[in-house]
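Report on the structure given below.
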2 protein chains.
Amino acid sequence: MKAARTPDLQSTFRALADPTRREILVFLSQHESSIGEVVDQFDVTRGAIKKHLVILEEGGLISIHTRGRERINRLEPSALHSVNSWLQYFEQFWDNNLRNLKTAIEQRTPTNPKRKKQ
Amino acid sequence: MKAARTPDLQSTFRALADPTRREILVFLSQHESSIGEVVDQFDVTRGAIKKHLVILEEGGLISIHTRGRERINRLEPSALHSVNSWLQYFEQFWDNNLRNLKTAIEQRTPTNPKRKKQ
DNA sequence: ATAATATGGCACCAAAAGGTATCATGTCAA
DNA sequence: TTGACATGATACCTTTTGGTGCCATATTAT
């Protein structure tokens, strides 16, 4: 019994880097689909879609289930959790950024001679 | 006057897809740095780091400011906002997923002591 | 001015990525 | 059984990517 392997962050980010794959995810969020149904939505060959689906599965973003002669592709949104966690680290900075944005905007003078050298 | 151009989602996702670039972002979150200072942190040549920084800038994730003969690279966490927004669409699904996960987990061998938060 | 420093730019390279076409295999329906 | 259907698996191609090395240019320190 193969447990849904936990993908590393890299394979998930890699899977998300392609626009077609992100569109596939949106499509699958609306209804799980066979490969053929996915192919019908995009202007590339089945071979290309197949590759995308494999990469999405490697990234943990979908799961593929056999149903007769079809393979049903289902969104696995929990894989986005690790991405979200990674992003959350930066939230503190973008909060600061929003706070400082107002003062920083017109103040283009290099008032930051921070020079840390060990 | 060139406003900080709003990068499209694709260039941001693309910038995030490389592990070295993600590490650079973490490094820059701690202190803005010249190119040379970034180079010192990684085991690749300056040319490679330079390319990474350009891609990060294209993704809106950093800004590059000239200071004398140096180029100061500064984290621009606000670019992560668009990524975050994209992810948020899927939150509804992964909430469902969490809800179903609980029942799924209880029917299986506890292989994953991960806490769910939120 | 001159040398050291910091970076830009370019040519080049191997590997990965995205895509196609083709053939093979498993499954369903008649 | 047999053909149609859905997919798997390859081989192949082109472009992109991540990387290197080298030379040019702009600043800074002496």
Side-chain angles (χ1 to χ4, degrees), chain A residues 2 7-28 31-59 61-74 110 112-118, chain B residues 2 7-28 31-59 61-74:
Chain A
K2 188 158 74 100
D8 53 25
L9 190 63
Q10 172 55 26
S11 53
T12 307
F13 265 114
R14 183 244 190 173
L16 291 175
D18 182 89
T20 301
R21 286 196 289 268
R22 291 198 303 278
E23 286 182 43
I24 292 176
L25 288 181
V26 172
F27 177 67
L28 290 181
H31 34 70
E32 55 182 38
S33 313
S34 70
I35 296 181
E37 287 170 323
V38 177
V39 170
D40 291 343
Q41 302 295 319
F42 298 89
D43 198 27
V44 285
T45 59
R46 189 174 55 79
I49 293 293
K50 164 70 174 170
K51 285 189 183 180
H52 282 315
L53 292 172
V54 167
I55 292 173
L56 286 170
E57 191 197 21
E58 287 172 352
L61 290 161
I62 67 170
S63 55
I64 309 183
H65 306 85
T66 300
R67 187 166 70 196
R69 58 182 158 181
E70 292 182 331
R71 295 298 149 78
I72 303 304
N73 302 273
R74 181 184 309 156
N112 197 353
K114 182 197 291 181
R115 204 57 191 176
K116 70 171 301 191
K117 199 62 181 177
Q118 43 101 347
Chain B
K2 187 162 77 104
D8 55 23
L9 190 62
Q10 174 53 26
S11 55
T12 307
F13 265 115
R14 185 244 189 174
L16 291 175
D18 181 88
T20 301
R21 286 196 288 268
R22 291 198 303 278
E23 286 182 43
I24 291 177
L25 288 180
V26 171
F27 177 68
L28 290 180
H31 35 70
E32 56 183 40
S33 312
S34 71
I35 297 182
E37 287 169 324
V38 177
V39 170
D40 291 343
Q41 301 295 318
F42 297 90
D43 197 26
V44 286
T45 60
R46 189 174 55 80
I49 292 294
K50 163 72 174 166
K51 285 189 184 179
H52 282 315
L53 291 171
V54 167
I55 291 173
L56 285 170
E57 192 198 21
E58 287 172 352
L61 291 161
I62 68 170
S63 56
I64 307 182
H65 308 270
T66 300
R67 187 167 69 198
R69 60 181 157 181
E70 293 181 330
R71 297 297 149 81
I72 302 304
N73 302 274
R74 181 185 306 155

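Any value given below was found using the heavy atoms of this structure, including those in side chains, with hydrogens, waters and symmetry copies removed. What you are looking at is a predicted structure, and each value in this text was computed from that prediction instead of being measured. Numbered from 1 within each chain, the chains take letters A, B, ... in sequence-line order.
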**OP:** Evaluate the criterion side-chain contact (heavy atoms from CB on, under 4.5 Å) for residue pair B:E23 and B:H52; output intermediate values, then yes/no.
**Re:** CA-CA 11 Å; B:E23 286 182 43; B:H52 282 315; over 6 Å; no
Subject >> Worked check of side-chain contact (heavy atoms from CB on, under 4.5 Å) between B:R22 and A:Q10 >> reply: CA-CA 10 Å; B:R22 291 198 303 278; A:Q10 172 55 26; 2.8 Å; yes
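Spacing between atom CZ of A:F42 and atom C1' of C:dG19 amounts to 15 Å, rounded to whole angstrom units. For the pair B:L56 CG and D:dT17 P, the computed distance is 13 Å after rounding to whole Å. The distance from atom CD1 of B:I49 to atom P of D:dT17 is 17 Å, rounded to the nearest whole Å. Rounded to a whole Å, the CG atom of B:D43 is 14 Å from the C1' atom of D:dG18. B:E58 places its CD atom 11 Å from the P atom of D:dG18, with the value rounded to the nearest Å. Across the protein-nucleic acid pair, A:E70 atom CD and D:dT7 atom P stand 6 Å apart, rounded to whole Å. Atom pair A:N73:CG and D:dG8:C1' shows a separation of 13 Å (rounding to whole Å applied). For the pair A:L53 CG and D:dA6 C1', the computed distance is 13 Å after rounding to whole Å.
Here the side chain of B:K51 is nearest to one of D:dG18, C:dT20, C:dG18, namely D:dG18. Checked against C:dA17, C:dG9, D:dT20, the side chain of A:R14 finds its nearest nucleotide in C:dA17. Checking C:dG8, C:dT22, C:dG18 against every side-chain atom of B:I35, the shortest atom distance belongs to C:dG8. Taking every side-chain heavy atom of A:R69 into account, C:dT27 is the closest of D:dG18, C:dT7, C:dT27. Among C:dG18, D:dT20, C:dT20, the nucleotide with an atom closest to any side-chain atom of A:I55 is C:dG18. Set against D:dG19, C:dT7, D:dG8, the side chain of B:R71 has C:dT7 as its closest nucleotide.
Taking 4.0 angstrom as the limit, B:R46 places none of its side-chain polar atoms (N or O) nearer than this to OP1 or OP2 of D:dG19. Taking only side-chain nitrogens and oxygens, B:T45 never comes nearer than 4.0 Å to OP1 or OP2 of D:dG21. OP1 or OP2 of C:dA17 has not a single side-chain nitrogen or oxygen of A:H52 nearer than 4.0 Å. For the OP1/OP2 pair of D:dA9 and a distance below 4.0 Å, the side-chain nitrogens and oxygens of A:K50 include no atom meeting the criterion.
A donor-acceptor pair under 3.5 Å is absent between the side-chain atoms of B:S34 and the main chain of B:R71, judged by distance alone.
Side-chain contact, A:S63 with A:R74: no donor N or O sits under 3.5 Å from an acceptor N or O.
Interatomic distance, NE2 of A:H65 versus CD of A:E70, reported as 14.0 Å (0.5 Å rounding).
Heavy atoms of A:R21 sit under 4.0 angstrom from primed sugar atoms or phosphate atoms, though from no base atom. Across all strands shown, A:G36 has heavy atoms under 4.0 Å from sugar-phosphate atoms exclusively, and none from any base.
Nearest-nucleotide mapping onto DNA chain D: of B:D18 and B:G68, the residue sitting toward the 5' end is B:D18.
When the options A:I62, A:L16, A:I55, A:L53 are evaluated for a side-chain contact (heavy atoms from CB on, under 4.5 Å) with A:R21, the one that passes is A:I55.
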